Amino acid sequence: MSPAESAELPQWDGAAGSPGLTVAEAVAVQDRLRPRADLVGPGPRRPATVAGLDVAYAPDGDLLAAAVTVLDTATLTVVDHAVSVGRPAFGYVPGLFAFRELPALLAALDRLTVRPELLVCDGHGLAHPRRFGLACHLGVVTGLPAIGVGKTPLVGTWTGPGPRRGDTAELVDAGEVVGRVLRTRDGVKPVFVSVGHRMGLDNAVAQVLASTPRYRLPETTRTADRLCRETLAAATGPARATG
DNA sequence: GCGACAG
DNA sequence: ATCTTGTCGC
């Protein structure tokens, strides 16, 4: 990467380890934004496009690359994409993920030329200790329908689901249904689906199934994951010759 | 008080 | 998230 490009890397307040917000302030922000999340939807039943978002971190944790891919739902092929490179905006605090990744994700979203009809986030939405995970935050901030698809649980308990693709179990936390545990492939570890914004849980599960024709994770997540890793590699490895 | 804890 | 050897299977 050229010096000119490096100079344009987005820089957000607070380098890693010195966040611009305190934990208490971040929690207060979540409490203030939570009422603005639409958890009912139902959201578009047949969206034409769906976006995947993901972030990759450099080994030292000082640099990150965010990627957004927009897929045509009919073919599940990428029709648009964008990336951003920067520093984590907050330390790693389970429950405060958005403050770490959201700035970079928003920067990438801003560079899209196609406005996706749904955001599929790598992480949770409602299935969060304060019911305001990354997917809720991203949805509220962008105004777009958003759902969370987590690979591991953050909160909640469940029983099942059955062993076949499409089998589900309720994800329950403190007596509330906060999401659904969904088997996307026969005999493979399930994923955790929760509502983010402007989409109901039934539809969220349907959208995830529609985007997992072959692997455990949605094509949205897979394409975004690949893109952010490639972007990070390009921003890190090769371009350090003269040193 | 102690452990667990999205990415 | 990232690191990392080996192993099972299409």
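Small disclaimer: the values here were computed from a predicted structure and weren't measured. Side chains included, hydrogens not; waters and symmetry mates left out as well; all remaining heavy atoms used. Chain naming here is simple, since letters A, B, ... match the order of the sequence lines and numbering starts at 1 in each.
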* Modelled atom types, side-chain donor and acceptor of A:T223 and A:T69, under 3.5 Å ->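 Note: A:T223 and A:T69 side chains meet the donor-acceptor criterion.
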* Would you kindly say whether A:T77 and A:D72 are connected by a side-chain donor-acceptor distance under 3.5 Å? =>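 No, because no side-chain N or O of A:T77 sits under 3.5 Å from a partner of the opposite role on A:D72.
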* Roughly how far, to the nearest 0.5 Å, is the CG atom of A:L39 from the CG atom of A:L126? ->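 Reported to 0.5 Å precision, the distance equals 4.5 Å.
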* Would you call A:L102 and A:L138 a side-chain contact if the rule is heavy atoms closer than 4.5 Å? ->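 Answer yes - side chains close enough.
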* Give the B/S/- string for nucleotides 4-10 of chain C, one per nucleotide from 5' to 3', where a protein heavy atom under 4.0 Å of the base yields B, of only the sugar-phosphate yields S, and otherwise -. => -------
* Asked: With a 4.0 Å cut-off on heavy atoms, is A:G95 in touch with a base, just the backbone sugar-phosphate, or nothing at all?
  ->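 Base contact.
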* How would you label the contact of A:P153 with the nucleic acid (heavy atoms, under 4.0 Å): base, sugar-phosphate, or nothing? ->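 The answer is sugar-phosphate, as A:P153 gets under 4.0 Å only of primed atoms, P, OP1 or OP2.
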Output the rounded distance in Å from [atom1] ([X]) to [atom2] ([N]).
X: A:L171; N: B:dC5; atom1: CG; atom2: C1'; value: 14 Å
X: A:H137; N: B:dA6; atom1: NE2; atom2: P; value: 19 Å
X: A:F192; N: B:dC5; atom1: CZ; atom2: C1'; value: 13 Å
X: A:D225; N: B:dA6; atom1: CG; atom2: P; value: 17 Å
X: A:L232; N: C:dC3; atom1: CG; atom2: P; value: 9 Å
X: A:D173; N: B:dC5; atom1: CG; atom2: C1'; value: 12 Å
X: A:R226; N: C:dA1; atom1: CZ; atom2: P; value: 15 Å
X: A:L217; N: B:dA6; atom1: CG; atom2: P; value: 16 Å

* **Whether over 12 other heavy atoms sit under 6.0 Å from A:E170 CD** =>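 Not more than 12 within 6.0 Å, no.
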* Does NZ or CZ of A:R100 fall inside the cone over A:Y92's six-membered ring, less than 6.0 Å from its centre and within 45° of the axis? ->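 Here A:R100 fails the 6.0 Å and 45° test against A:Y92.
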* Asked: Side chain of A:R229: nearest nucleotide among B:dC5, C:dA1, B:dG7?
  ->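 Minimum distance to the A:R229 side chain belongs to C:dA1.
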Any side-chain N or O of [X] under 4.0 Å from OP1/OP2 of [N]?
X: A:R100; N: C:dA1; result: no
X: A:T152; N: B:dG7; result: yes
X: A:Y92; N: B:dC5; result: no
X: A:K151; N: B:dA6; result: no

* To do: Grab the stems for DNA chain B, please: at least three consecutive Watson-Crick or wobble pairs, both distances below 3.5 Å, written as range with range.
  =>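 For DNA chain B no paired stretch is long enough to count as a stem (3 pairs minimum).
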Is it true that [X] and [Y] have a side-chain N and a carboxylate O under 4.0 angstrom from each other?
X: A:D122; Y: A:K151; value: yes
X: A:R214; Y: A:E219; value: no
X: A:R34; Y: A:D31; value: yes

* To do: Please work out which of the three classes, parallel, tilted or perpendicular, describes the rings of A:F90 and A:F99, given edges at 30° and 60°.
  =>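 It falls in the tilted class, 30° to 60°.
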* To do: Take the angle between the ring planes of A:H137 and A:F132 and call it parallel below 30°, perpendicular above 60°, tilted in between.
  =>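 Tilted.
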* Asked: In residues 49-59 of chain A, which residues come under 4.0 Å of DNA chain C by heavy atom?
  ->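 Contacting residues: A:A56, A:Y57, A:P59.
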* Nearest heavy-atom pair of A:E117 and A:P47: which atoms, and what distance? ->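 Here A:E117 and A:P47 meet closest at OE1-CA, 3.2 Å.
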